[in-house]
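Report on the structure given below.
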Amino acid sequence: MTDTPRRIPTGPAAIAGLVSAAAALGAAEVVGALLARPTATPVQAVGAGVIDLTPLPLKQFAVDVFGTADKIVLIGGIAILLAGAAALIGVAATRGRLFGAVGTALFITIGLTAALTRPDAGPLDALPTLAGAVAFIGVLVLSIRFPRVRGAEPDTPADGFDRRRFVLLAGTVAAASAGIGTGARLLSAAPTGGGLSPADVRLPVPVNRAATLPDGVDLELDGLSPYFTPNTDFYRIDTALSVPRIDASTWSLRIHGTGVRRELVLTYDDLLRHPELSERDITLTCVSNPVGGDYLGNARWVGVPLASLLAEAGVRSPAEGGPADQLVSRSDDGMTIGTPVADVMDGRDALLAVGMNGRPLPHDHGFPVRMVVPGLYGYVSACKWIVDIELTTFDAFDAYWVPRGWAARGPVKTQSRIDTPREGADLEPGRVVVAGVAWAQHTGVDRVEVRIDDGPWTDAELAAEGSADTWRQWVLEWDAEPGEHLLTVRATDREGRTQTPDRAEPAPDGATGHHHVTVTVA
């Protein structure tokens with residue numbers, strides 16, 4: 001007599017959903033890598049959509065809590081939700097075809113919608129999700145049917161479900177999916193087209209070298225941020241879940257738009273060979289940086305003056321009657337950043353940078369080319385992986401961050417930070433070195449003061465100034481007495497503006513307030 005196969009138990013059914021999802025993600029990543037569109041894969045596309053739709057307070061909360069790990073947390077959260085949903089679909093599919101079909105269709109729809117609504121999306125961006133859907137359905141059906149056993153043989157499981165066959169199938173699919181996914185990620189990490197990467201580039205000697213740094217620009221104190229921030233330690237805040245890997249040999253930049261008399265298309269070689277290739281020391285700051293935060297860094301940049309390129313294109317500053325007051329830069333990943341044209345053309349060292357601290361730009365920091373504009377927060381100036389510059393007006397176009405609650409213009413506010421001692425430090429009585437950095441890019445820091453508890457403000461000793469576009473170190477020797485103490489710092493810029501003590505969050509145009517740390521002397 002032939003037994004009627006029964007439903008798969010709940011546990012194995014959930015596992016079937018999980019391994020099917022793993023197969024789907026592996027297939028999607030392979031197709032995304034082959035198309036050189038890793039951002040079109042379901043997890044990347046959905047993650048980018050979440051970033052775009054997240055309200056400003058929640059987005060700032062994520063940056064404050066998780067810092068530069070916010071993207072890892074986001075991807076992890078999406079993976080957990082996906083795993084839970086896949087397990088439920090697996091269980092539902094063994095209870096009825098309709099339940100499984102509805103759940104599968106819902107997730108396919110979410111993936112397709114996320115992929116096809118990205119700013120630079122095209123029809124091919126649907127393929128990773130579709131490939132993943134085919135893999136998911138195929139593995140799920142196989143996982144449900146393969147372990148079922150019919151017949152009355154002596155070793156037939158009583159419930160009609162062969163667990164050994166199921167474990168073999170699930171293990172094989174999981175291992176294959178992991179291998180395929182790893183291979184796809186390695187393929188995606190290679191430059192598009194397999195061409196010119198940072199490791200292949202040798203930067204030419206700049207025509208215009210940076211000014212010689214004065215003695216004492218770096219106090220070289222334990223716990224104090226060095227004058228130059230190493231590339232590996234330089235902060236990275238952007239919306240790219242998958243860092244673009246661009247082949248510099250095929251890269252180009254178009255400069256066009258309102259007031260452009262001669263449209264320019266520049267190659268990477270054009271910039272490397274430009275007669276005004278320059279070297280400048282510039283501190284960059286993120287508008288999301290909270291008071292006392294570390295979303296800033298100082299580097300020696302090599303690049304071509306942006307004002308010179310705009311002049312080649314026939315662009316005039318608004319101060320000279322030019323019709324465009326906004327420069328919109330576009331990234332390879334679709335990001336748009338709006339920069340005041342007047343600020344780019346007022347004589348400051350705004351660069352299209354190709355080098356960072358003596359090396360070609362790392363992928364994470366914009367290879368092959370990025371913008372660097374001293375005196376402006378990064379969200380209105382520091383476009384990474386730049387591929388397009390359009391001259392327009394603030395009335396005609398809102399860049400990415402403006403509709404999301406940030407100000408259209410973002411001049412850097414004067415700020416200061418205590419690097420040492422750290423918050424909560426336990427100190428011994430006697431001489432204590434209090435030190436940190438202060439910044440007022442493109443204006444310069446003129447004074448730093450420190451207050452112990454409710455005492456008077458005391459002038460700190462300033463390190464030599466590298467330039468008005470870089471941060472400035474400071475130090476104060478304090479005769480610490482036993483007890484708990486509050487150390488507070490404030491800076492004054494060269495125009496006489498002293499930091500306000502009024503606390504304000506980073507949104508919409510930069511944080512304000514005094515940084516302070518509490519220490520215990522015993």
Side-chain angles (χ1 to χ4, degrees), residues 206 208-231 233-235 278-286 289 291-303 305 343 346-351 353 355-358 372-378 381-382 411-420 433-451 457-477 488-500 510 512 514-515:
N208 299 314
R209 302 298 298 271
T212 301
L213 292 175
D215 292 337
V217 74
D218 194 332
L219 299 176
E220 299 181 351
L221 298 173
D222 289 341
L224 176 62
S225 301
Y227 182 72
F228 285 121
T229 308
N231 291 356
D233 296 336
F234 209 94
Y235 80 96
S278 302
E279 179 184 67
R280 295 292 184 268
D281 299 337
I282 299 171
T283 296
L284 297 186
T285 313
C286 180
N289 196 40
V291 172
D294 56 4
Y295 302 150
L296 75 158
N298 185 49
R300 174 159 289 183
W301 307 91
V302 171
D343 290 350
D346 68 357
R348 72 185 71 193
D349 290 316
L351 301 175
M356 181 180 183
N357 287 331
V372 175
V373 183
L376 300 179
Y377 287 118
S381 66
V412 171
K413 296 178 179 178
T414 302
Q415 274 288 352
S416 55
R417 184 183 74 197
I418 299 172
D419 284 353
T420 184
V433 173
V434 183
V437 290
W439 58 96
Q441 292 97 309
H442 199 56
T443 302
V445 172
D446 195 52
R447 185 181 189 187
V448 171
E449 300 166 281
V450 177
R451 184 172 64 187
W457 288 102
T458 302
D459 283 332
E461 178 185 347
L462 291 174
E465 183 179 63
S467 80
D469 291 334
T470 63
W471 61 11
R472 197 168 183 182
Q473 296 178 346
W474 58 267
V475 62
L476 175 77
E477 293 188 2
T488 307
V489 65
R490 70 181 185 186
T492 301
D493 67 23
R494 194 144 295 134
E495 295 183 358
R497 295 180 296 235
T498 300
Q499 282 181 250
T500 175
T512 62
H514 294 164
H515 184 221

Just by modelled atom types, is the I282 backbone N or O under 3.5 Å from a matching donor or acceptor in the W301 side chain? yes
Do side-chain atoms of D349 reach the backbone of P374 as a donor and acceptor pair under 3.5 angstrom? no
Tell me which donor-acceptor pairs under 3.5 Å the side chains of residues 457-465 have, and how far apart each pair is, sequence neighbours excluded?
from, atom 1, to, atom 2, distance (Å)
D459, OD1, R447, NE, 2.7
D459, OD1, R447, NH2, 3.2
E465, OE1, R494, NH1, 3.3
E465, OE2, R494, NH1, 3.0
E465, OE2, R494, NH2, 3.1

Within a strict 4.5 Å, meaning less than it, do heavy atoms of the R472 and V448 side chains meet? no
Give a yes-or-no answer on whether the side chains of R280 and S467 include a donor-acceptor pair shorter than 3.5 Å. no
Minimum side-chain heavy-atom gap W471-T285 below 4.5 Å: no
Looking at every heavy atom in both Q441 and V412, which two are closest together, and how far apart are they? OE1-CG1, 3.2 Å
Tell me the closest heavy-atom pair linking A440 and T414, and the distance in Å. CB-OG1, 3.5 Å
Under the 3.5 angstrom rule, does the side chain of Q499 hit a backbone N or O of A491 as a donor-acceptor pair? yes
Pairing residues for T420 by the side-chain contact (heavy atoms from CB on, under 4.5 Å) criterion, not counting sequence neighbours: A435
A side-chain contact here means heavy atoms from C-beta on lying under 4.5 Å apart; do R348 and L376 qualify? yes
From D493 CG over to T498 OG1, what is the distance, rounded to the nearest 0.5 angstrom? 7.5 Å
For a quick check under 3.5 Å, do T229 and Y235 share a side-chain donor-acceptor pair by atom type? no
Between V291 and T512, the two heavy atoms sitting closest are CG2-O, 3.2 Å
Between Y377 and K413 (side chain of the first, backbone of the second, donor and acceptor by atom type, cut-off under 3.5 Å), is there such a pair? yes
Looking at side-chain heavy atoms only, is the closest gap between N357 and P230 below 4.5 Å? no
Determine the sole option in R451, H514, Q415 for which the side chain to side chain contact (heavy atoms under 4.5 Å, CB included) test with R490 is passed. H514
Contact between W474 and L219 at the side-chain level, heavy atoms closer than 4.5 Å - yes or no? no
Set of residues satisfying salt bridge (Lys or Arg N to Asp or Glu O under 4.0 Å) with respect to D281, sequence neighbours excluded: R300
Quick one: does any side-chain atom of N289 pair with a main-chain N or O of D294 as donor and acceptor, under 3.5 Å? yes
Determine whether a donor-acceptor pair (N or O, by modelled atom type, separation under 3.5 Å) exists between the side chain of D218 and the backbone of Y227. yes
Near D233 CG, under 6.0 Å, is it more than 12 heavy atoms from other residues, nucleotides or ligands? yes
Distance (rounded to the nearest 0.5 Å) between L224 CG and R417 CZ: 8.5 Å
Sole residue of V217, V445, D419, V437 in side chain to side chain contact (heavy atoms under 4.5 Å, CB included) with Q473: V437
State the NE2-CG distance between H442 and D346, to the nearest 0.5 angstrom. 5.0 Å
Heavy-atom nearest pair, A299 first then M356, reads CB-CG, 4.2 Å
Can you measure from OG1 (T443) to CG (D469) and round to the nearest 0.5 angstrom? 9.0 Å
